[in-house]
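Written below as structure tokens is the structure these notes are about.
Computed from a predicted structure; not experimentally measured. The residues of the chain are indexed from 1 along the displayed sequence.
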Amino acid sequence: MKKYILVIVIFFLCPVLLAETSLLPTAAGKTDDIVINDFEADKWDQWKTTGPAFGTGPRLEGLNGTKMPLRGYFGTKCANSYAVMNTPEKAVGTLTSPDFVIERKYINLLIGGNNNKEHCIVELFVDGKSVRDATGRQNFQLEWATWDVSEFKGRTGVIKIQDKTEVEGGRWDFMVVDQITQSNEQFGEIAPFDQELYKETYRPQIHWTSKTGWINDVNGTVYSAGKWHLMNQHVRFGEGMNASWSHAISDDLTTWKQLDHSIDTRKYGTAWSGTCIEDFNNSAGYQVGDTRAIIAFATQFEKGVGVVKIFYSTDGGLNWNPEKKAVVDNIVGNNRDPKVFWYAPEKKWVMVLYLDGDDYEFLNSGDLKNWTRVHTWDNSELNECPDMFELPVDGNPDDTRWVFIAHRHYYVGTFDGEVFTPTEPRGTYDFGHNFSAAQIFSQAPNGRAVQMGWVAGGRYPRMPFNQQNSFPVELSLRTTPDGIKLFRMPVKEIEKLHKKEYSFNNVSLKPGDNPLSKIKAGLLEIDAEIEIGDAKTIGFTIKGQNISYDVAGKRMASMGKDAVMAPMNGNKSKLHILVDTNSIEVFANDGEVSMTSCIIRGWWDHNRVKENPYPRRQFLKDDVAVFATGGTAKITSMKIWELKSIWSDLGDR
């Protein structure tokens, strides 16, 4: 994974909330709110300080004036313990409020910075006892945190902001606080770490998330010995930019069991993106007994440049061992993201490696340890995290093409074991707000191409986890009037999550009609075929979000993103939609167009609020509607299933 991308990703772990939320009309909010401190004064006034951490007064910059990329604060200042990276400055100290009477149900505060309580913490003390605390979410974004203090009403409280960091120049070892307010209104999430695991307010219920911490790029997806293995870049909160590979397994692509990390930064150092294969013919010689080895190819850095390292498991992925030496030394810059696959015609392994700039390197190997460079492909229309595989066209095993994927774009073409040659223009396989870094599961049974990606840039305010995976989809190549295209549809295994079913057939749909008014938008799968008739637009409104087809413009749209799409059979449109707690995935016309978007979005949209007003907690809507405008359409067939949570039977997961 690209180094500067990883830095940016973690800078914006929990960015700006983009949604229809009420904004604070003033710094305090309602007239009966009590502002404990808005940190707009030049000095600390009655607040007491110890140590150098918070300086002589509120500020936006570091101790030596270093500019900070803060967002979400009010006014012009805040309480800030930021020092300077790579300097000997130890920004240790406390900032303590004077006594105050607790007079409202809640205390709300904007908070950013480190999320490790042992380093940085804000605490509420009542009668000398710590009764509430909060941390940042390891970012420069200030978010609302809320303490329910109703049980302490009428008693005296003290707030202490502490930076206890002894690390010199740590990027994330700081605390930023603003706008501490007593209110009878809840501005943010309450004690997310105290919520029941997997039932937290914004926890996805049909999409994979890690128990805690941040995930991003999908890594090492492989099918081996009847198990689907899913790995991600994973950063434990409080560990800066040190990425491990998380590891989860599944029997059915819907429910997952989280294992220990496959590549743990605490043991082996930071490991960036890569891939896994099952060594079915024991090419590398690691196999023990009848259990085939699983081999991970990961990006690591030696002397500041990218190399490819091997980690292997001989017990089905439970334990991993490293090869000491890199199997591919540095070619150029931060080359990274190796993709490895078997090329059957010549009985050899192939690696695709992303180089700096626009280049990809193809390498060949017979033993997975010694690699030979065979071709450099220059393509300025693609980017990092390559994936590559072969698929039949229209299901014909005698007519196949190779697919080369990077980010959310792809090429269809031919491959001779060394050179990939595109035969179709570049395509886009996901047009939504939030999608990136996808991989198929290597060596899936029956030639299936099952893909999962990173739903990049969603927000999960005050949650113990951050980011999610897309729901698994099956890829296929189909012939269209515009050439051979990649189609994506949810895997058939989703049927295992079906609960109550609603069915509609041959239902006239006039402007203002909504036959779905009694259905609530919890967890849903919608499969609809609509005859357009003389309607100008058709579509759905789900959780306040619009998914629609513009007939005249021939454009499919979801939550503000759109793509060109012709109707099927002249006058029909198919919409397949997955609805989760915080995301909507749309697959239109049998997956010709797919769109993955989070309902609460952040940095991926590049709309970053630097100053107030900052939106408060968003309460997700539960509305569902199907509509037609400008004329009458007909629902020829539609089934809607309520879905059960993938966490409903945790067992030993």
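- Side-chain atoms of Asn219 never come within 3.5 Å of backbone atoms of Thr275 as a donor-acceptor pair (strictly under, hydrogens ignored).
- Between Phe471 and His207, the two ring planes are perpendicular [angle over 60°; tilted spans 30° to 60°].
- In this structure, a donor-acceptor pair under 3.5 Å is present between the side chains of Thr254 and Asp252.
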*Mind running ring pair (Phe, Tyr, Trp, His ring centres under 6.0 Å) on Phe341 and Trp402 for me, showing each step along the way?*
CA-CA 12 Å; Phe341 57 92; Trp402 283 84; 5.5 Å; yes

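- Between the Thr581 side chain and the Arg203 main chain, a donor and an acceptor come within less than 3.5 Å of each other.
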*After noting the C-alpha distance and the side-chain angles of Val340 and Ile295, does the key distance pass the side-chain contact (heavy atoms from CB on, under 4.5 Å) rule?*
CA-CA 10 Å; Val340 175; Ile295 303 178; over 6 Å; no

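- The shortest side-chain heavy-atom distance between Asp482 and Lys485 falls under the 4.5 Å cut-off.
- In this structure, a donor-acceptor pair under 3.5 Å is present between the side chains of Gln468 and Ser583.
- Within a 6.0 Å sphere centred on CG of Asp358, other residues, nucleotides and ligands contribute more than 12 heavy atoms.
- We find that Lys639 and Asp527 are not joined by a salt bridge, their nearest charged nitrogen and carboxylate oxygen being 4.0 Å or further apart.
- Nearest heavy-atom pair across Asp217 and Ser273 is OD2-OG, 2.8 Å.
- Ring pair Phe587/His576 is perpendicular by interplanar angle, where above 60° counts as perpendicular and below 30° as parallel.
- Nearest heavy-atom pair across Leu575 and Ala588 is CD2-CB, 3.9 Å.
- Looking at every heavy atom in both residues, Gln300 comes nearest to Gly269 through NE2-O, 3.5 Å.
- A salt bridge links Lys339 with Asp387; the closest basic N to acidic carboxylate O contact falls under 4.0 Å.
- Taking CG from Asp623 and CD1 from Ile519, the interatomic distance works out to 12.0 Å, rounded to the nearest 0.5 Å.
- The backbone N or O of Cys598 lies less than 3.5 Å from a partner atom in the side chain of Asn434, making a donor-acceptor pair.
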*Could you go through the side-chain contact (heavy atoms from CB on, under 4.5 Å) check for Tyr429 and Ile405 one step at a time?*
CA-CA 9 Å; Tyr429 65 88; Ile405 282 177; 3.5 Å; yes

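- Of the listed residues (Thr480, Asn589, Leu475), just one forms a side chain to side chain contact (heavy atoms under 4.5 Å, CB included) with Phe487, and that residue is Thr480.
- For Tyr460 and Trp214, the gap between ring centers reaches or exceeds 6.0 Å.
- Of the possible polar contacts, one joining the Gln258 side chain to the Lys211 backbone as a donor-acceptor pair under 3.5 Å is found.
- In this pair, Phe404 and Tyr360 present their aromatic rings perpendicular. The plane angle is above 60°, beyond the 30 to 60° band.
- Once rounded to the nearest 0.5 Å, the distance linking CH2 of Trp228 with OG of Ser250 reads 9.0 Å.
- Relative orientation of the His498 and Trp641 rings is parallel, given thresholds of 30° and 60° on the angle between their planes.
- Looking only at side-chain heavy atoms (C-beta outward), Arg71 and Leu142 stay at 4.5 Å or farther from each other.
- Between Ile530 and Val626 there is a side-chain heavy-atom pair separated by less than 4.5 Å.
- Between the Asn469 side chain and the Gly453 main chain, a donor and an acceptor come within less than 3.5 Å of each other.
- Partner of His261 under the side chain to side chain donor-acceptor pair (under 3.5 Å) criterion, out of Arg236, Arg266, Lys267, His247: Arg236 alone.
- Separating the CG atom in Leu497 from the CG atom in Leu643 is a distance of 6.0 Å, to the nearest 0.5 Å.
- Counting heavy atoms from C-beta outward, Leu477 and Val403 have side chains that approach closer than 4.5 Å.
- For Phe540 against Met638, the heavy-atom pair with the smallest separation is CZ-SD, 3.7 Å.
- At least one test fails for Arg401 against the ring of Tyr410: distance under 6.0 Å to the centre or angle within 45° of the axis.
- Inter-residue side-chain proximity for Met565 and Glu592 is flagged as met; some heavy-atom pair is nearer than 4.5 Å.
- Between the CG atom in Leu70 and the CG atom in Leu110 there is a gap of 11.5 Å [rounded to 0.5 Å].
- Taking the centre and axis of the six-membered ring of Tyr354, the NZ or CZ atom of Arg336 falls outside the cone set by 45° and 6.0 Å.
- Aromatic rings from Trp256 and Trp647 are positioned such that their centres are separated by 6.0 Å or more.
- Taking each heavy atom of His229 and Ser224 in turn, the nearest pair found is NE2-O, 4.0 Å.
- Phe297 and Phe311 have their aromatic ring centers separated by at least 6.0 angstrom.
- The shortest side-chain heavy-atom distance between Pro338 and Val352 does not fall under the 4.5 Å cut-off.
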*Derivation of the side-chain contact (heavy atoms from CB on, under 4.5 Å) call for Val450 and Leu253*: CA-CA 9 Å; Val450 176; Leu253 287 170; 3.9 Å; yes

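- To the nearest 0.5 Å, the span separating CD on Glu585 from CE on Met595 amounts to 12.5 Å.
- Put simply, the side chain of Tyr73 never gets that close to the backbone of Gln141: no donor and acceptor are under 3.5 Å apart.
- One N or O on the side chain of Arg408 and one on the backbone of Asp430 form a donor-acceptor pair closer than 3.5 Å.
- Pairing each heavy atom of Phe431 with each of Thr428, the nearest pair is CE1-O, 3.3 Å.
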*Report the C-alpha separation of Phe465 and Ile215 in whole Å, then their side-chain angles, then the decisive distance to 0.1 Å, and conclude whether the side-chain contact (heavy atoms from CB on, under 4.5 Å) test is met.*
CA-CA 8 Å; Phe465 66 92; Ile215 59 171; over 6 Å; no

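- One N or O on the side chain of Arg426 and one on the backbone of Glu381 form a donor-acceptor pair closer than 3.5 Å.
- Listed for the Trp454 side chain is no donor-acceptor partner under 3.5 Å among the backbone atoms of Gln233.
- At least one side-chain heavy atom of Arg478 sits under 4.5 Å from a side-chain heavy atom of Ser476.
- A salt bridge links Glu474 to Arg448: at least one charged side-chain nitrogen sits closer than 4.0 Å to a carboxylate oxygen.
- Remark: Ser597 OG to Met559 CE distance equals 5.0 Å, nearest 0.5 Å.
- The backbone N or O of Asn232 lies less than 3.5 Å from a partner atom in the side chain of Ser246, making a donor-acceptor pair.
- If you check the side chains of Asn546 and Ser548, you find no donor sitting under 3.5 Å from an acceptor.
- Taking 4.5 Å as the limit, some side-chain heavy atom of Asn334 sits within range of a side-chain heavy atom of Asp356.
- In this structure, a donor-acceptor pair under 3.5 Å is absent between the side chains of Gln205 and Tyr198.
- Between the side chains of Gln186 and Thr146, not a single donor N or O lies within less than 3.5 Å of an accepting N or O.
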